[in-house]
Amino acid sequence: MSFILEIIISALIVIGGFFALVGSFGLVKLPDLMTRLHGPTKATTLGVGSILVASMLYFWLLQDSFTIHELLITLFLLLTAPITANVIAKAYMLDHADPDKDLPKTGGVEGWATFDAIGQEDDVDAPTTGTEPARKPVPEL
Amino acid sequence: MEFLVASSIGILCASGVYLMLRGRTFPVVVGLALLTYAVNVFLLAMGRLAIDLPPILSPDATAYTDPLPQALVLTAIVISFGMTALVVVLALRTYLEIGNDHIDGLPDRTPESGDKN
Amino acid sequence: MSLTLIVLLPFIGAVLPAIMIRAGRNACATATGSVTLLALILLAVQAPAVFSGEVISVRYDWLTGLGLNVTFFLDGLGFLFASLILGIGLLIIIYARFYLSKDDPMGRFYVFLLLFQGAMVGIVLSDNILLLLIFWELTSLSSFLLIGYWKHLPEGRQGARMALTVTGAGGLAMIAGMLILGNIVGSYDLSVILQNTDLIQASPLYVPALILILLGCFTKSAQFPFHFWLPHAMAAPTPVSAYLHSATMVKAGIFLMARMWPVLSGTPEWFYIVATAGLITMVMGAWIALFKDDLKGLLAYSTVSHLGLVTMLFGFGTPMAAVAGVFHIINHATFKAALFMTAGIIDHETGTRSIRRLGGLMHLMPVAATIGIVAALSMAGVAPLNGFLSKEMMLQEAWETTWFDLNWLVPLLATIGALFSVAYSFRFVVHVFFGPRRDDYPAHPHDPPFGMWAPPAFLVVLVVLIGLFPAVVAGPLVAVTSAAVIGGALPDYHLALWHGVNPALGMSIAAIIGGLLLLWRHGGLSSAMENMSRPDAKAMFDIVIARIVGLSRLISDNLHDGSLQRYLSVMIVAAVAIGASGFYAQADHLAGTRAILPVTLPALIGWVLLVVSCIAVVFTHHNRLYCLLLSGVVGLIVSLGFVYFSAPDLALTQISVEVVTVILMLLALNILPKESPKESTTSRKFRDGLIASIAGLGMGGAVWAVMTRDYASISDYHLAQSYVGGGGNNVVNVILVDFRGFDTFGEIIVLGIAALAIFALIETVTQGEAAKRLAGWVVQARRSKDRHPLMTVVATRVMLPLALMVGAYIFLRGHGEPGGGFIAGLVVSIALIMQYMASGFGWAQNRLKANYHGMIALGVLAAGITGLAAVVGGFPFLTSDYGYVTWPIVGTFELASAMGFDLGVFLTVVGAVMLALAKLSQVERMAGHVEINVEPMDHDPSAAAPSPSKEA
Amino acid sequence: MLKRYLPHPLLTLVLTAVWMLLINSFSMGALVFGLLLGIVIPVITSAFWPGRPKITNYRGVVEYILVVLWDILVANVIVAGLILFRRADRLDSRFVVVPLDITSSEGITALAGTITMTPGTVSCDLSADARSLLVHCLHAPDPQGVVDDIKSRYERRLKEIFE
Amino acid sequence: MGHWMIVPIVLPAIMAALIVLAVRHDIVLQRVFSIAATVAMVAVAVALVVYASGHGPEMYALGAWPAPFGIVLVLDRLSAMMVLLTSVLGLGVVVYASSQWDKRGKHFHALFQFQLMGINGAFLTGDVFNLFVFFEVLLIASYGLMLHGAGAERLKAGVQYVVVNLTGSALFLIGVGLIYGVTGTLNMADLAVKVPLVTEGDQALLRAGALILLLVFAVKAALVPIHFWLPGTYANAPAPVAALFAIMTKVGAYSILRVYSLAFGEGAGDMAWLAAPYLMPAALVTLALGMTGVLAAKRLNGLIAFAVIGSMGTLLIAISLFTPDAMSAGLYYLLHSTFAGAALFLIGDLIMARRGEQGDHLRTAPGFHQSGLLAVLFFGAAIAMAGMPPLSGFVGKLLILDAARESDLAVWIWSVILVTSLMCIVGFGRAGSVLFWKSASVEGQIETGETEWPVLPIVAAGGMVAAMVALTVFAAPIVGYLDATAAQIFDTSGYIGAVLGPDAVTASDGLSISEMTGVEAETDTSEAAAGSGQ
Amino acid sequence: MIEYALNFGFGCVGLALLFNLWRLVAGPTVADRVLAVDTMAINAIALIVLYGIGRATSMYFEVSLLVAMFGFVSTVAYCKFILRGDIIE
Ligand code: NA
Ligand code: NA
């Protein structure tokens, strides 16, 4: 019984390590940021998730101490990975993507949020100087 | 293992010191941060190295690492955090006041113009 | 008691002129004079005792351990000088009342004068050489003020500083000399020192002490080669010159030589130093005086010369010469003070002190002229005036003196000195008072008011009386003073006009005839002198001082060039050097014997990551964002290292601190330049690299040495007591909140202060240069139009409750497991900051409405009050307690007072982090020129209408 | 009354569960305390989450989670294959635009997150009016198929949950 | 002593927190709180001094943990005196600042109280790492105060000050770390017991650590060549802060004399008097360089700052002789130079405020308001700083010269002290002449609006000068106190016994000290241990 | 057996970290570097969990939890910085 469990746990560890490696390998291999983004957000997350499950099972089944808090980390990673990917993509596109040439049109009136503020015509932010008066609805500290 | 730790501390210290000797506030702050890492690990190492002997009492544990240096490092981390915060803001504030971020408040200079830095 | 009062009266009285000046100049002068008169009367009361040979003394303990006590004694010498100081002082006070103009601040003058007077009296009455030193230096200080009294005159200021420098320097040398002397004898009491001649003169330290003390005397008494300051001090008002530079201060050195005569004189060193200096001073001073056109200059150099004369006499070291010296002190004081006052009158009435512009004053101001002529004749040594008497005695002593086997040298030079003296004295008389009346005086000269000529007249009467009846008028005083100087039996001497035909008479006659001849040829000589290049003392002094200041600036300015890089490199090199010097102070270094841990794969990976990151930071530091990212990696690796080496609390703390630091640095980096310019030269980089490498080697080597050897620590106690005494299983946490809770108390205060200081720093950003710069700030980089991306807003909303949950968990478990108030505080702060970052400052701030200042304060108070609760219970500050509580359903749980403390930590951390970051973000908003947002996202698709912030 | 102090029972449950996960061992005391926190924390953070969606379709939630978890597993194998075995220049990577019907910001976020976690796609940007989603595909020879897949497999389910 | 020992630390901390919590928007209430707290602190400090002069060293075990395991405070003559000095100086400073300085930025009074807390903590603690913590408290408070009111020059100097001290803090930890790594303890008394027991093989490391720690203290004490931070910092700090900083350098000096006479003193075996060979030359050079700076100064604040450096040199010359006589002399000079430096900075500030754009530049300019009174004060403080009579500087220097005569370096010490005194006299003479005399030859008067009589500032600055007068007049009782203090410093067994109990004293080798100093231990150690609140 | 699996895991994750480091140093865009650091944090979690399994201790769970939380926060902060300059506006 315990042998089978060990095999399962070991497999999870191996799979996890493998995926983590693949994700990071993608980071090295893939040609540009947009493609590289796919590796870590998925492969790495799954890899770590798999190791976390291995840990859970290990403590639960082999160490006799029921632990499930690894789930929490998994939950966290699942919740945060898309946001991370989103902001990194936006950060990349701002400097390296021309919304007119490199990106498809939104299909609506407004452009992509990174380049286009709602209700305004301008495309790209020009350098701003200190003319705009700051409204202060919020008390400073 | 001790060699890895000692050399890490040495390298952290050397990088930190090198950056601290640069002419602008930002690298100096980063240098101080690196030196702080070095010092923190240094302090921890003063309690000698121990693997998987955390100073958390438990009936299973047979030995513990020296908890005292850890407590000292914690205090040191917190203090240097406060200090770093202040020095960062000070660097910023000084930059805003005098218009450049040279550590001595000197005007910007080109590489040819002097051996100041 | 009255002795003390004599010294103290001028000091106490010094407040009077300052107060009385409002009552008018007369009242002020009267008050000042009364003080002096009172002191003089007190002195006179002691006269009978002194003249009967008694030594009156008084003693108060002050600093007995050091040997510095307030002890005064009054013997003949002290009596003579005190009389001169107070008597002439009184005359000067009267004289000055009329001399000073309405514009001169008279109150101040009298204050300084009384301070000086007190200091002088102190010198001559001190029975403790340390006390004497105090008064000695006080005369330097008060004379500095008096010389610089006319502060609008550059000559006055410079003269004052020169006098202070020279006499101050001498005074400092004398301190050393006196300390040596005191140490030879074992006491600083003069009366003891004066008993120990043999001990002192046998000591190997006698010569250094002698030289150092003489330096003090010579500078004060303007002896060669320190004579140059005195003429420049003449820029002072004439009453000052008359008082300080003829009658009193310059005699302080003479006084001290007289005072120390019994113990210091009689050795060859004494003779050759003192007598030679005196001789040179006498001749040289007289020669220079001869060619001075300024009346006060003439008198000043004449004073130098006469002081040289007295010095020479004391230098001879014979009792007879000492008597002559004492007698000449008295005589010189009378005629020279009178002459100074006369010069002052002439200056006052004619508007000039230049002899070339004077002449014929006999007709215009007969009274003053008479006074001046009599006094000048006395100075020339013409019989039957008092100057003649003491000069005769001097010449006689000189006749009997052999200098390095040359028996003619001293008599010859003494005669020449006397000759010059005759010449300048007669020049004073002839060129000022006689000759035709001129019509080009700057003012209309006439005799001064009574108050102004009475004081010199009184002195001139003394000049005549002493000359005619020396034994009666001056005899007792000379006797008692000489007795005090000699400290033994008096020699056989007679104060009389006629001593028969002796060498002195011949020398005297030769001097007078020669002097008159010299005066006759004066015009030619004078122009010859003018054509001769002479060293100008003032110019030389100025050059020397300028050179010293220049050198100081060279050293100081070059050393303190304001370069932090230099300061830091010096500091680091010093640290390495001192550490190494300590380490290598021992010849053999035993290697440690502690077992080495094996290297594992994860550790090796971590090491590679760390090393590469460090190297990368160094090489890419010009790009600051990369630099930050890389240093973040270093932080991560260090945290992993903490995990690996059994320090989970450290890892937690490091990681949390890391994030806040990154946020902070990014906030700063938004304003700061994004790149560091490449401005270091290769050699500079090499040098810094070398320093850095050595520092790294030192630190690494030290840690290696420590880790490889065993030790025993006090922390075994902490491990043993953590649960039993502190109620916690996490020993690190128990140390933090209990064993060493006091450290933590200080640590949170550091954090609180940092936040307050940051707040204060940024508060001023709205003013001055910074505000201008921010108002004109140009946002350089392309900015995304999406200020608050929707996904991030939503995700952080979900995360907030989760993160708070984690915060609560970390806080509560800290005592038993890794965690605690600090980390929990950071977790909560970061969760809150996340709201600011995702949904914008305005929106988050409106919802948070927390008083971060108050939070910091409450945190410190909570920790402090937890500590004080123990005090109330009678235990030391921060004594902890814990217990177990059982509630239905919930079960048993631990309650520890340390949690109250940890709560304080938590509150302070949250308050400090939030205050610092939120306040810092104000700068960003000022620079960014954007509206503060009231909506969390730029466009909320859930809402029916477009968001209000877009419509505004 | 209950509504005021327990505005979001689901959130309370989730938080209590998180607490139990953190505590990592079951005890009555921990549960009570977790429940307490689960009630208190939503109240004190309510200002930061205005208009929290009232989710009542629990079955939909569970179903959705299972679907997504399965897709994540599959996604990873596919992406791993692409990374390891396909030459970079033979990847047919491109942007696609997913027009959105869902308007709840939570729903949009969940959809975008799901897209990122599932096969070969990463949500990159929203249009300024939140009507379309920019998605990057690692390897998408059939872009329209990807869009249709997303809309039918995820957006539909999410709409049921959130709207 | 009950719990009074904790008051100088906890009172200002609580007070600062209350100021931030309750009255941070009301400057008047802040002043009331701050001054009241400082007055109370003076009162407590007086009581502590009185108590300490009648008893041996006493320990306060924080958290009731026995030494060396917990942190202890130690009250002896020295620490009590330093706390009193801090309080009195602090009172003068807060009074001065309350006239208007405190309005130029936020949180002056809170930072000020925290600063006092840090300084007092450093003086009272008996634990090396706790000393580090209090160093940091006082440093970070000083950063806040130093930057109070901002301004370009001040900010520039502030950056340097902060960075240098951060480096110093790192070195502090390295030094403490090495000491702990070898001895396994942090308690100073315990260190004194354990240092002589360190085996030969480990001594090199301990020595290296102790010397690095010495360097850190020397940074605070502004010793050459690590004094560089001081001129810029002091010259650009707000005047009341610069005045308060007069005690900060003393913290460095105090730490040196405490640690290196207790743990590395006579009883330290192979490491006896470890610091002396390094300190003495550095102190001599410091004095020389400080006074060179005085001569070279082109600005008044620079002049004063360099004079402070010089005075630190003088003080450390006395300390590094490590004899009871010299220690007593040094402590006297410490008291004196603290007031002298503070007085000069305050007076300099009053002058500067009235000289308008001329500021503290030592150049000819028209006269200014109240120059008469300021001249008197300046003259008084200057002669004190230069060590001229009749103020305490002269007594202090005499004491030091007298105490140095037995030293091998006596000739050097005497020469340097006396020659530099002259440099100081010349430097201050030039400055005073330019400021107060030369203005008389220039037409007109500078109008800055500062025409009101600054009552509070004058009281504060005058108080400092008065303190020096008091030091002179009451030199005998003060030196008496200091002699006993010096004896107590050298009688380490009293300190060790108070902290660790009488058994520890017999365990250590450092027993013969009382014989050396000729002073018997006054302490009844068992009583001290009993009264420590355990 | 788990021992071998763990060593394999360490090897994989270690190699992954080195890949991340390579991307961090090589760039070329800032976004690449941020992505590299973010991935590093996630791999670090794997490393800690593997270590925990190897040592049979759950002592380090909170560390990995915080790495997860704060890795995210700093990544968002970096990106916000690139996108807007001001991360709190
Ligand atoms: Na638009
Ligand atoms: Na996807």
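Lettering of chains follows the sequences in order, A, B, ..., and the numbering in each one begins at 1. Everything numeric in this text was worked out from a predicted model, so none of it was measured.
Considering only heavy-atom pairs separated by less than 4.5 Å from chain F, the leading option among C:Val806, C:Ile833, C:Thr792, C:Leu826 is C:Val806. Among the candidates F:Asn20, F:Val67, F:Val25, the residue making the largest number of heavy-atom pairs closer than 4.5 Å to chain C is F:Val67. Of the residues considered (C:Leu604, C:Leu609, C:Leu630, C:Leu640), C:Leu609 shows the highest number of contacts with chain F, using heavy-atom pairs under 4.5 Å. For the set F:Val30, F:Leu47, F:Leu50, the count of heavy-atom pairs under 4.5 angstrom toward chain C peaks at F:Val30. Across C:Leu669, C:Asn670, C:Val923, the residue that shares the most heavy-atom pairs under 4.5 angstrom with chain F is C:Asn670. Counting heavy-atom pairs closer than 4.5 Å to chain F, the top-ranked of the candidates C:Ala651, C:Gly819, C:Pro602, C:Ala616 is C:Pro602. Comparing C:Met799, C:Glu658, C:Arg813 by heavy-atom pairs within less than 4.5 Å of chain F, the highest count is held by C:Arg813. With respect to chain F, the highest number of heavy-atom pairs below 4.5 Å among C:Thr600, C:Ile637, C:Val633 belongs to C:Val633.
Contacts between F:Phe81 and chain C at a heavy-atom distance below 4.5 Å involve the side chain alone, from C-beta outward. Of the atoms belonging to C:Leu666, heavy atoms from both backbone and side chain fall under 4.5 Å from chain F. Contact of C:Ala831 with chain F is not made at all, since no heavy-atom distance falls under 4.5 Å. With a threshold of 4.5 angstrom between heavy atoms, C:Leu629 approaches chain F through its backbone and through its side chain. With a threshold of 4.5 angstrom between heavy atoms, F:Ile48 approaches chain C through side-chain atoms but not through N, CA, C or O. Of the atoms belonging to F:Leu21, it is side-chain heavy atoms, and not backbone ones, that fall under 4.5 Å from chain C.
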Requested in this report: Determine, step by step, whether F:Glu62 and C:Glu817 satisfy the side chain to side chain contact (heavy atoms under 4.5 Å, CB included) criterion, reporting the C-alpha distance in whole Å, the side-chain angles of both residues, the deciding distance to 0.1 Å, and the verdict.
Outcome: CA-CA 10 Å; F:Glu62 288 76 17; C:Glu817 302 279 328; 5.9 Å; no

**Report entry** side chain to side chain contact (heavy atoms under 4.5 Å, CB included) assessment of F:Asp86 paired with C:Val930
**Finding:** CA-CA 10 Å; F:Asp86 183 0; C:Val930 289; 5.6 Å; no

Query raised in the report: When you look at C:Ile830 and F:Met69, which way does the side chain to side chain contact (heavy atoms under 4.5 Å, CB included) test go after all the steps?
Result: CA-CA 9 Å; C:Ile830 292 164; F:Met69 275 176 72; over 6 Å; no

Requested in this report: Take F:Tyr78 and C:Leu628 through the test side chain to side chain contact (heavy atoms under 4.5 Å, CB included) and record every step on the way to the result.
Outcome: CA-CA 10 Å; F:Tyr78 278 119; C:Leu628 197 57; 3.8 Å; yes

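Partner of F:Glu89 under the side-chain contact (heavy atoms from CB on, under 4.5 Å) criterion, out of C:Glu924, C:Met837, C:His788: C:His788 alone.
To the nearest 0.5 Å, the span separating CG on F:Leu24 from OG1 on C:Thr620 amounts to 8.5 Å. If you take CD1 on F:Ile87 and CG on C:Leu920, they are separated by 8.5 Å, rounding to the nearest 0.5 Å. We find the NZ-CD1 distance between F:Lys80 and C:Ile663 to be 11.5 Å, quoted to the nearest 0.5 Å. Interatomic distance, C:Leu667 CG to F:Ile88 CD1, rounded to the nearest 0.5 Å: 5.0 Å. Here the CD1 atom belonging to C:Ile605 is positioned 6.5 Å from the CG atom belonging to F:Leu18, to the nearest 0.5 angstrom.
C:Ser784 and F:Arg84 get closest at one heavy-atom pair: O-NH1, 2.5 Å. Heavy atoms only, all atoms of each residue included: F:Tyr51 and C:Tyr644 are closest at OH-O, 3.2 Å. The shortest heavy-atom contact between F:Ser74 and C:Val662 is CB-CG1, 4.3 Å. In this structure, F:Tyr60 and C:Ser646 approach most closely via the heavy-atom pair OH-CA, 4.1 Å. C:Val827 and F:Leu66 make their closest contact through CG2-CD2, 3.9 Å (heavy atoms, listed as atom of the first residue, atom of the second, distance).
Residues C:Asp786 and F:Leu83 form no side-chain contact, since every pair of their non-hydrogen atoms from C-beta on lies 4.5 Å or further apart.
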